[in-house]
Participant: 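Structure in structure tokens, see below.
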Amino acid sequence: MIDYRLPEAWPTDDETALAVQDELRPRVLLDGSGPPPGTGHVTGVDVAYDDERDVVAAAVVVLDAATLDVVEEATAVGAVAFPYVPGLLAFREIPTVLAALSRLTADPGVVVCDGYGVAHPRRFGLASHLGVLTGLPTMGVAKNPFTFTHEAPAAPRGSASPLLDGAEEVGRALRTREGVKPVFVSAGHRVTLDQACAHTLCLTPRYRLPESTRRADALCRSALRAAAGRSPSRPPGAAG
DNA sequence: GCGACAG
DNA sequence: ATCTTGTCGC
């Protein structure tokens, strides 16, 4: 069990956050030293919010990469540490994610984030940031193209087209289900773009989104309800 | 200056 | 992300 600790000074404003990204970006490795797709463990990470009550819940779910069976789960609840700012998502999600990861006993293997890795305005998105702080191999699978451009990939599952920032390929639009909107894959840390796409296809035998993120999404939502959301439609004055 | 913008 | 009814389809 590893205690993934949050850096002492976590940014509170945009300016400092940008400086932190510039400082940590050089530590990103895209050497493919992570485990081969379909082997070992794959861990899904996701976060849910109740900004109204200033509560955030993170969930991490470790899967057997070969069978996609759940090996272990963990959650953590905390206070919202940063507002949502496009390009600074990591500062909002990472504190609680690290707390949840620290509660795991199993080796996380490759960590799959809901968002981007190096496909980022400054090449340092959530997945890359999490990878640098933990040393774990990470990658990102996002549901939207963010600010990047792409051509629609061919209809068959497995088809892909480059996700571009100008002329640079920062990620890939990958079709995980025939005829269905693609997902947007990018490398995070210690994982190549090709490996990230291969991992994604291993994780999507049935649904558009990776089994890892689907599991983590369901878990962080229930954790949030347990922590902050009493019956949402309970009339004022009722017991509870 | 204005709009767009991972979750 | 989150707010939300019904609806089409396997």
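Just so you know, these numbers come straight off a predicted model, no measurement behind them. Labels below follow one simple rule: chain letters A, B, ... track the order of the sequence lines, proteins then strands, and each chain is numbered from 1.
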Participant: Under 3.5 Å, is there a donor-acceptor pair between the T204(A) and R157(A) side chains?
Facilitator: yes
Participant: Would you classify A119(A) as touching base, sugar-phosphate or nothing, given that sugar-phosphate means primed atoms plus P, OP1 and OP2, and contacts are heavy atoms under 4.0 Å?
Facilitator: nothing
Participant: Tell me the interatomic distance from Y84(A), atom OH, to dT2(C), atom P, rounded to whole angstroms.
Facilitator: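 Whole-Å distance recorded here is 13 Å.
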Participant: Could you tell me whether the side chain of D114(A) reaches within less than 4.5 Å of the side chain of V141(A), counting heavy atoms only?
Facilitator: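 Side-chain contact under 4.5 Å: no.
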Participant: Once you round it to whole Å, what is the distance between C1' of dT2(C) and CG of D217(A)?
Facilitator: 12 Å
Participant: Over all strands shown, is E52(A) touching base, sugar-phosphate only, or nothing at heavy-atom distances under 4.0 angstrom?
Facilitator: nothing
Participant: Indicate, with a heavy-atom threshold strictly under 4.0 Å, whether G87(A) touches base, sugar-phosphate, or nothing.
Facilitator: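 It contacts base atoms.
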Participant: Go through DNA chain B in 5' to 3' direction and return only the first and the last nucleotide with some atom under 4.0 Å of chain A's heavy atoms.
Facilitator: dC5(B) to dG7(B)
Participant: Scan L88(A) against the nucleic acid and name what it touches under 4.0 Å (heavy atoms): base, sugar-phosphate only, or nothing.
Facilitator: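 Base: the residue L88(A), judged by heavy atoms under 4.0 Å, touches a nucleobase.
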Participant: Within the structure shown, what part of the strands sits under 4.0 Å from Y49(A) by heavy-atom distance: base, sugar-phosphate, or nothing?
Facilitator: sugar-phosphate
Participant: Regarding R103(A) and the six-membered ring of Y4(A), is the cationic atom NZ or CZ under 6.0 Å from the ring centre and inside 45° of its axis?
Facilitator: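 No cation-pi geometry.
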Participant: Write down the distance between CG (D54(A)) and C1' (dA1(C)), rounded to a whole number of angstrom.
Facilitator: 15 Å
Participant: Check whether any side-chain heavy atom of H129(A) sits under 4.5 Å from a side-chain heavy atom of V28(A), and report yes or no.
Facilitator: no
Participant: Is it the case that the side chains of S33(A) and R190(A) hold a donor-acceptor pair, with the cut-off being a distance below 3.5 Å and no angle test?
Facilitator: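 Present: a donor and an acceptor within the cut-off.
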Participant: Have a look at R221(A) and say if it touches a base, only the backbone sugar-phosphate, or nothing, with a 4.0 Å heavy-atom cut-off.
Facilitator: sugar-phosphate
Participant: Looking at R5(A), I'd like to know if its CZ atom is crowded, meaning that more than 12 non-hydrogen atoms belonging to other residues, nucleotides or ligands lie closer than 6.0 Å.
Facilitator: no
Participant: Taking CZ from R225(A) and C1' from dA1(C), how many angstroms apart are they, rounded to a whole number?
Facilitator: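 Roughly 15 Å, once rounded to whole Å.
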